[in-house]
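Here the structure is laid out as structure tokens; the discussion comes afterwards.
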Amino acid sequence: MKSFVDIRSHDIEQTTDFSDVRDLYAVWSAVNRGDIPDIRHFEHVLASPLAERIMVMRVRGESLIYEQVGRNIVSVFGHDPTGKLLEDIHNVGARTFRATYLEVLRSRLPALALHNNVGATSVGITERLMLPVRSGDTDCLLCYVRPREDATNVLRSVFNISADAITVLNAIRDSEGAVVNFSLVAANAESARRLNTHADALIGAQVLDVWPFAETSGMMDRLIRSIESQLPDIFDASYPQDGKIVDRQLRLAPHGEGLTVTDVDIGPTLAATRAIEAQHKELLHANELLEARAVDLMASYASLERTTNDLREEITRNRALEAELVHLAHHDGLTGLPNRSYFEKRFEEKLKQMKRAKRRAALCIIDLDHFKDINDSLGHDAGDMVLREVSSRLRTTIRKSDVIGRLGGDEFAVVLTNAQDTQDAAAAVKRMMEAVARPFAVKQQDVPISLSAGVAVFPNDGRSSGELMADADIAVYRAKRAGRGRTVFFAPTMRDDAERRYTLLKALRLALDAGQIVPFYQPLLDMRTGKLIGFEALARWLHPERGTLMPATFAETFDEPDIAQALTKTMIQSVINDLSAWGKLGLHTRVNMNVTAFDLRHPSFAEDLHTRLIQNGLTSSQLTIEVTETTILSRDAERIAATLTELRRLGFSLALDDFGTGYASLSHLRSLPVDSLKIDRSFIRDLEHDPKTRAIVRSIIELADALDLEIIAEGVETQVQLDAVVALDCSIIQGYLIAQAMPAGAVANFVRTFSAASLTRQDEAV
């Protein structure tokens, strides 16, 4: 048996395949308050069907004792280990994880283990979520174990039923670290049959004992080279077996210190080839004799003619079969387009032609927008239908001299030959986009199809296929970031932008981990009463070298789901901490803060946020959630609307931010559970000198009043702007005229000393 364990602690939600693992991790994260949470928070889980996959271990001295073991885990042990110490269990899995369990408890942080098993009867991956918890005064470990069934079943079937001999080896090194031999840790039935033994009998044997010829034939050198380089290898070999020489093809796949060897019997193929060649020579010789004697054998001409026709038909069939096999090796089985390797080969050939002719060409990489949504909503068979239809439509738009291929998944590529200039390439891409965007129905449902395309031009953007592929990839990524459904041509600055963005993402992740992202607070003033009614929390990056950075300097990273959600999580925790601290000083106020579409798509976002407020002695009325029009109209709009409704039900106020800059319609205002509208600062800026802007703002205010919505003017920076919005009956304002955003520590003193009467007329922004 060979096991590989990969421990993850920082990317659990992205690594796991299962929603229940994410849910358990979310529960732990939600109730974590600096120390490990009490196991009582998981009572509902331990009373649910999930408990069949859970075991709870309690610390006893320097070890752990099994306190509760689910039925599924008992079946893996073969007995119930409840009440036994960890050292008393000799199960392979228990031995594998002893040190890991204790390390997780010491770290006091959750961890996810991916347990890869490769053995004579067990092949697959098991996920093991380990959550440190507390029961009374004793530390415990709650483990949730779930195998990836699909992968396990498929791998087990391939391994055990394969007609090829498959063995898994583990490197044996000497005292200086050099590989000197290999031990067999797994073998399938075919491996055992060829060695006239059973698979179990091979486990633990060494390669030079089982295959002594490996040392002299050079096979051992190939095995060692593959392990040391961690590169796969394929080679043909001939060696003795059962007293005769056999022909084999060996395929090596290294994985750490392990090496999977697939032994394919190519003897019958070689023998058949030799037989066909010999038969062909014989047929040619017979044909020569027949032609020489044709005059004397006219009486048997009819029989010879039939024989000749049969031979011709056989040759035709063989040629057709050969052509079919070549086609299958070079083309995608689903769409019939050239596969990635064949496309790249033809791409190289086209580039050579273009270089010789000194002509231009363009590479267009095409990606289907939101293809995963089609698979998730309509099924993979519907996704296959869409891919076939898209490939068919793309074919109809290109010339015979162009090259098209499917790179994999929902990604296609087209080489546009003889593209004279960027306009020529743009026109060709436009034809493809329009052809694909035509209406298409799957399972009696209309499926909207759009493409994002990136284009790199030869020789301007690159002179090799590799350079052009990399450039087109950067361009298609830029197209997706710009809103999808569009074409972007590569420019050299994009490469710099890609590197810069990668650097920014890395720096921002480190900043979040280091606590450098904090909220600053800008006050909201009710001009009717002259009182402060709350603050808006605005993210600031306390950069150790560049000082305090505004969101505009890192906003381009917000379309990365992990960054966006991590930022929201950090801001929520900081706002809750600040509200609690102000409450202890006698300052009870409310805070507005923005969340993203990624947050609102999470089913438990509203409930988790409400729970955290209650646990910190706060109420939902102290937090107003702001969302932009872009957010409510993004993908999964129904899921987002459901989360907003749940937030409203739990007592949160909702504000529609940057109103007037997006595409929200009156029907959205009628159906969305919002309490207030925030007029975008761009309208306030133009209010004092543009009559049309004043008319728009007046209409927004009247609309909000008719819908019984609170209206807030943001970005008020001058006395003229203040007078203008007040004259239009907008009573709540926010902007530099009142105060710039301030750190949490300055809020209490600002509230004590603030007076609305101190606002004086001024011509410039504060």
Side-chain angles (χ1 to χ4, degrees), residues 323-324 326-328 330-351 353-354 359-371 373-375 378 380-458 465 468-469 472-473 475-476 479-480 484-489:
E324 182 180 357
V326 170
H327 179 82
L328 291 174
H330 291 164
H331 292 77
D332 171 49
L334 177 64
T335 64
L337 296 178
N339 56 26
R340 187 182 193 98
S341 60
Y342 189 45
F343 171 82
E344 291 175 348
K345 179 181 178 181
R346 295 189 63 191
F347 184 21
E348 289 279 5
E349 294 170 352
K350 285 293 181 182
L351 282 184
Q353 294 175 12
M354 296 298 103
R359 304 291 295 272
R360 295 176 181 272
L363 170 67
C364 178
I365 292 182
I366 301 166
D367 215 39
L368 268 69
D369 296 330
H370 307 307
F371 180 67
D373 294 345
I374 297 175
N375 276 334
L378 299 178
H380 288 276
D381 56 337
D384 290 346
M385 293 174 64
V386 170
L387 290 174
R388 283 193 291 267
E389 180 66 18
V390 168
S391 66
S392 176
R393 294 182 181 185
L394 289 175
R395 272 199 191 98
T396 63
T397 64
I398 65 173
R399 297 169 293 190
K400 290 184 178 180
S401 59
D402 296 336
V403 179
I404 186 172
R406 182 187 178 198
L407 302 184
D410 60 351
E411 191 175 32
F412 299 84
V414 178
V415 179
L416 301 169
T417 58
N418 300 316
Q420 298 304 313
D421 49 34
T422 301
Q423 288 74 20
D424 190 15
V429 176
K430 183 180 179 182
R431 287 196 304 272
M432 291 188 286
M433 301 282 273
E434 291 175 346
V436 171
R438 294 197 311 269
F440 179 56
V442 176
K443 295 182 178 180
Q444 300 180 341
Q445 295 189 43
D446 290 335
V447 177
I449 301 176
S450 68
L451 303 177
S452 294
V455 183
V457 179
F458 168 85
S465 61
L468 292 167
M469 290 285 281
D473 270 332
V476 77
K480 285 185 172 293
R484 305 177 187 268
R486 65 194 65 208
T487 301
V488 171
F489 280 76

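- Between Ser401 and Thr417, the closest heavy-atom pair is OG-OG1, 2.9 Å.
- In this structure, the side chain of Arg431 does not engage the main chain of Glu434 through any donor-acceptor pair within 3.5 Å.
- Shortest non-hydrogen contact noted between Phe440 and Met385 is CZ-O, 4.0 Å.
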Take Lys430 and Met433, measure what side chain to side chain contact (heavy atoms under 4.5 Å, CB included) needs, and give me the verdict at the end. CA-CA 5 Å; Lys430 183 180 179 182; Met433 301 282 273; 5.7 Å; no
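- When atom types are taken as modelled, the side chain of Arg393 and the backbone of Arg438 share a donor-acceptor pair closer than 3.5 angstrom.
- Atoms CG and CZ, from Leu451 and Arg486 in turn, are 13.0 Å apart once rounded to the nearest 0.5 Å.
- Nearest approach of Gly454 to Ala475, heavy atoms of both residues: CA-CB, 3.6 Å.
- Interatomic distance, Ser465 OG to Leu363 CG, rounded to the nearest 0.5 Å: 9.0 Å.
- Distance CG/Asp332 to CZ/Phe412: 8.0 Å, rounded to 0.5 Å.
- Nearest heavy-atom pair across Leu416 and Ala428 is CD1-CB, 3.8 Å.
- Nearest heavy-atom pair across Met354 and Phe458 is CB-CE2, 3.7 Å.
- Each of Asp410, Asp473, Leu407 was evaluated against Asp367; a single residue qualifies, Asp410, per the side chain to side chain contact (heavy atoms under 4.5 Å, CB included) test.
- To the nearest 0.5 Å, atoms OG1 (Thr335) and CG (Leu387) are separated by 7.5 Å.
- Note that CD1 of Ile404 and CD1 of Ile398 are 4.5 Å apart. Values are rounded to the nearest 0.5 Å.
- Using a 4.5 Å heavy-atom threshold, the side chains of Glu349 and Val415 count as separate.
- If you check the side chains of Asp369 and Ser452, you find a donor sitting under 3.5 Å from an acceptor.
- Residues Ala453 and Ala479 share a closest heavy-atom pair of O-CB, 3.7 Å.
- Taking 4.5 Å as the limit, some side-chain heavy atom of Pro338 sits within range of a side-chain heavy atom of Arg346.
- Other residues, nucleotides and ligands place more than 12 heavy atoms under 6.0 Å from the NZ atom of Lys480.
- For the atom pair CG (Asp402) and CE (Met432), the distance works out to 8.0 Å, reported to the nearest 0.5 Å.
- Checked by atom type and distance alone, the side chain of Ser392 never pairs as donor or acceptor with a backbone atom of Arg388 at under 3.5 Å.
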